[in-house]
Amino acid sequence: MKEGIWVVSGGALLLFGIIAGLLYFMKRQIPRIHRERLMRKLKALPPLDDSAFLAGCGILEGTTDAKLALAVRKALAEMFTLPRRQISPELRWQEFKPRFKLWSYGDCLRYMNEVQKEFGREFSAEIDRYLLFPVDGIPPQTAVKDFVADFVEVYDRYERVKEYLPSPGPGIVAAETDAASQIRRLLESCLVFLQGGTAETRRRLLNEVTGWCDGEYSVFRLPSKIEDEQGYWDAMHKLFPMLPRYEVDGNSGLDMEEAYYNRIDHLCELPRKVLFVWEEAASSDLFEIMGVLLADAYETALRRKPEKIRFLVSSPQPLDDYYRDNTFFYPPGLDEIEFAKRVMILLDLSKNAGKEFTA
């Protein structure tokens with residue numbers, strides 16, 4: 001009996017040893033073999049100078065994009081210990097990424113830091129878009145020139161976002177005799193907020209404007225009571241169902257950000273512009289989600305489609321102080337007052353209106 005137990009135990013130990021050996025080989029030796037093959041392949045290639053690298057990426061020498069492209073090349077060389085001059089535009093991710101290695105959040109931050117260090121300056125970019133932090137992983141066939149193109153596009157959009165935003169306006173304007181036509185003109189470039197006047201006047205204007213806009217915009221009405229950001233996202237989820245549901249408290253992890261940007265991308269791809277109408281919003285509710293409305297305006301500008309989303313909001317309370325509040329969303333590189341005056345305008349319906357806002 002003891003001999004049988006010994007045989008079984010010995011067999012189990014042998015099997016365990018074989019499995020452990022295979023795991024060690026897969027974990028240690030396969031990456032090493034892959035690395036050695038890659039280095040032999042790269043060293044066999046002729047060195048590629050900066051001019052040839054830029055030409056392969058379709059980027060002109062002497063430009064800011066060229067400087068950024070070379071920074072990406074140097075950053076990849078540093079991160080993956082590769083000979084920089086052997087990194088070609090056609091080198092694919094599946095060829096130089098370490099085996100059993102994922103593109104993690106830490107890798108993304110390091111990549112950002114390395115590129116900015118080589119580029120010589122810092123700039124803001126959302127790390128969960130493009131190749132900077134792809135949720136589903138980097139496609140194996142992605143080439144170095146794709147890394148370059150995506151980073152150049154991110155930089156271009158963030159640096160030139162002002163070009164896609166309207167010029168700063170007066171902030172607050174008085175209603176004209178034909179206020180409905182005035183609102184239609186303002187909606188061409190801004191989010192419009194109505195204050196003052198009577199509830200009946202505000203409702204009549206909203207109905208008149210939305211009736212006219214129905215031919216140019218897809219009009220969606222938000223619930224009158226939205227108490228916080230979660231309520232806003234739940235309303236959006238009903239209008240544009242996507243999974244997973246966006247959770248402001250962060251319980252959905254990375255999916256939270258993915259759902260937000262998916263919604264923005266979806267809106268930007270619609271054939272018509274989108275107008276969200278929020279009637280008689282309490283100033284306390286609007287205060288809670290104003291940052292999200294401004295962020296939406298900014299995100300569409302980043303996608304070079306600032307005209308795609310508009311908000312038409314009426315409120316029974318004065319909204320003048322919204323420009324002065326510093327708790328809302330303000331993008332990097334834009335003064336908070338300047339940004340608010342670029343994307344939103346208050347239309348005062350009261351009889352004593354006529355003032356312009358000053359910071």
Ring-face cation of Lys67 near Phe119 (centre distance under 6.0 Å, axis angle within 45°): yes

Leu275 vs Ile309 side-chain heavy atoms within contact, under 4.5 Å: no

Nearest heavy atoms of Ala69 and Ile59, plus distance in Å: CB-CD1, 3.7 Å

Glu200 and Arg204 ion-paired at < 4.0 Å: no

Donor + acceptor pair across side chains of Asp65, Thr63 (<3.5 Å): no

Atom pair CG (Leu347) and CD (Gln195), whose distance is rounded to the nearest 0.5 Å: 8.5 Å

Minimum side-chain heavy-atom gap Ile289-Asp228 below 4.5 Å: no

Exercise: do Thr300 and Arg303 side chains pair donor with acceptor under 3.5 Å: no

Stepwise side chain to side chain contact (heavy atoms under 4.5 Å, CB included) test for Gln116 and Asn113: CA-CA 5 Å; Gln116 291 180 100; Asn113 291 334; 4.3 Å; yes

Centroid-centroid under 6.0 Å between Phe193 and Trp278 rings: no

Under 3.5 Å donor-acceptor, Arg73 side chain and Arg84 backbone: yes

Cluster link Leu186 to Trp212, ILVMFWY, side chain under 4.5 Å: no

Pairwise side-chain contact, Tyr217 with Thr210, heavy-atom cut-off 4.5 Å (strictly under): no

Cationic N near anionic O, under 4.0 Å, Asp265 to Lys305: no

Atom pair CG/CZ of Asp49 and Phe53 - distance to nearest 0.5 Å: 11.5 Å

Side chains of Glu279 and Ser314, donor plus acceptor under 3.5 Å: no

Check: Phe151 and Met112 side chains under 4.5 Å, non-hydrogen atoms: yes

Derivation and outcome, side chain to side chain contact (heavy atoms under 4.5 Å, CB included), residues Leu187 and Cys213: CA-CA 10 Å; Leu187 282 173; Cys213 288; 4.2 Å; yes

Phe276 six-ring face occupied by Arg310 cation (under 6.0 Å, within 45°): no

No-hydrogen, no-angle side-chain donor-acceptor test under 3.5 Å, Gln230 and Asp234: yes

Ion pair check, Asp146 and Arg92, cut-off under 4.0 Å: no

Reported NZ-to-CH2 distance for the pair Lys238 and Trp233, which is rounded to 0.5 angstrom: 15.5 Å

Beyond-backbone contact of Arg272 with Ser218, side-chain heavy atoms, under 4.5 angstrom: yes

Shared hydrophobic cluster, Leu286 / Leu346 (ILVMFWY, side-chain heavy atoms < 4.5 Å): yes

Validation row: Leu54, Glu61 side chains within 4.5 angstrom (heavy atoms): yes

Under 3.5 Å donor-acceptor, Glu208 side chain and Ala180 backbone: no

Nearest heavy-atom neighbours spanning Lys308 and Leu267: CE-O, 3.4 Å

Considering all heavy atoms, the nearest Gly231-Ile226 contact: C-CG2, 3.6 Å

Interatomic spacing from CG in Leu48 to CD1 in Ile87 - rounded to 0.5 Å: 10.5 Å

Flag side-chain contact, heavy atom, 4.5 Å: Val192 against Val313: no

Working for side chain to side chain contact (heavy atoms under 4.5 Å, CB included), residues Leu270 and Val274: CA-CA 8 Å; Leu270 292 176; Val274 176; 3.6 Å; yes

Salt bridge present between Lys225 and Asp285 (N-O < 4.0 angstrom): yes

Over all atoms of both residues, closest heavy-atom pair of Ala281 and Pro316: O-CD, 3.5 Å

Hydrophobic cluster membership, Tyr164 vs Phe311, 4.5 Å side-chain cutoff: no

Residues Arg263, Asp296: salt bridge by 4.0 Å N-O rule: yes

Distance-minimising heavy-atom pair for Leu349 and Thr201: CD1-CG2, 4.4 Å

pair Leu312-Ile183: side-chain heavy atoms closer than 4.5 Å: yes

Gln317 side-chain N/O to Ser283 backbone N/O, donor-acceptor pair under 3.5 Å: yes

Contact summary for Ser315 and Arg202, nearest pair of heavy atoms: O-NE, 3.7 Å

Shared hydrophobic cluster for Leu82 and Trp93 (ILVMFWY, side-chain gaps under 4.5 Å): yes

Value rounded to 0.5 Å, distance of CG in Leu70 from CD in Glu118: 10.0 Å

Stepwise side chain to side chain contact (heavy atoms under 4.5 Å, CB included) check, Leu222 with Val277: CA-CA 6 Å; Leu222 297 175; Val277 178; over 6 Å; no

Rounded distance (nearest 0.5 Å) linking atom CD1 of Ile264 with atom CG of Leu302: 10.0 Å

Check: Asn207 side chain, Arg203 main-chain N or O, donor-acceptor pair, under 3.5 Å: yes

Donor-acceptor contact present, side-chain Lys273 to main-chain Glu188, <3.5 Å: no

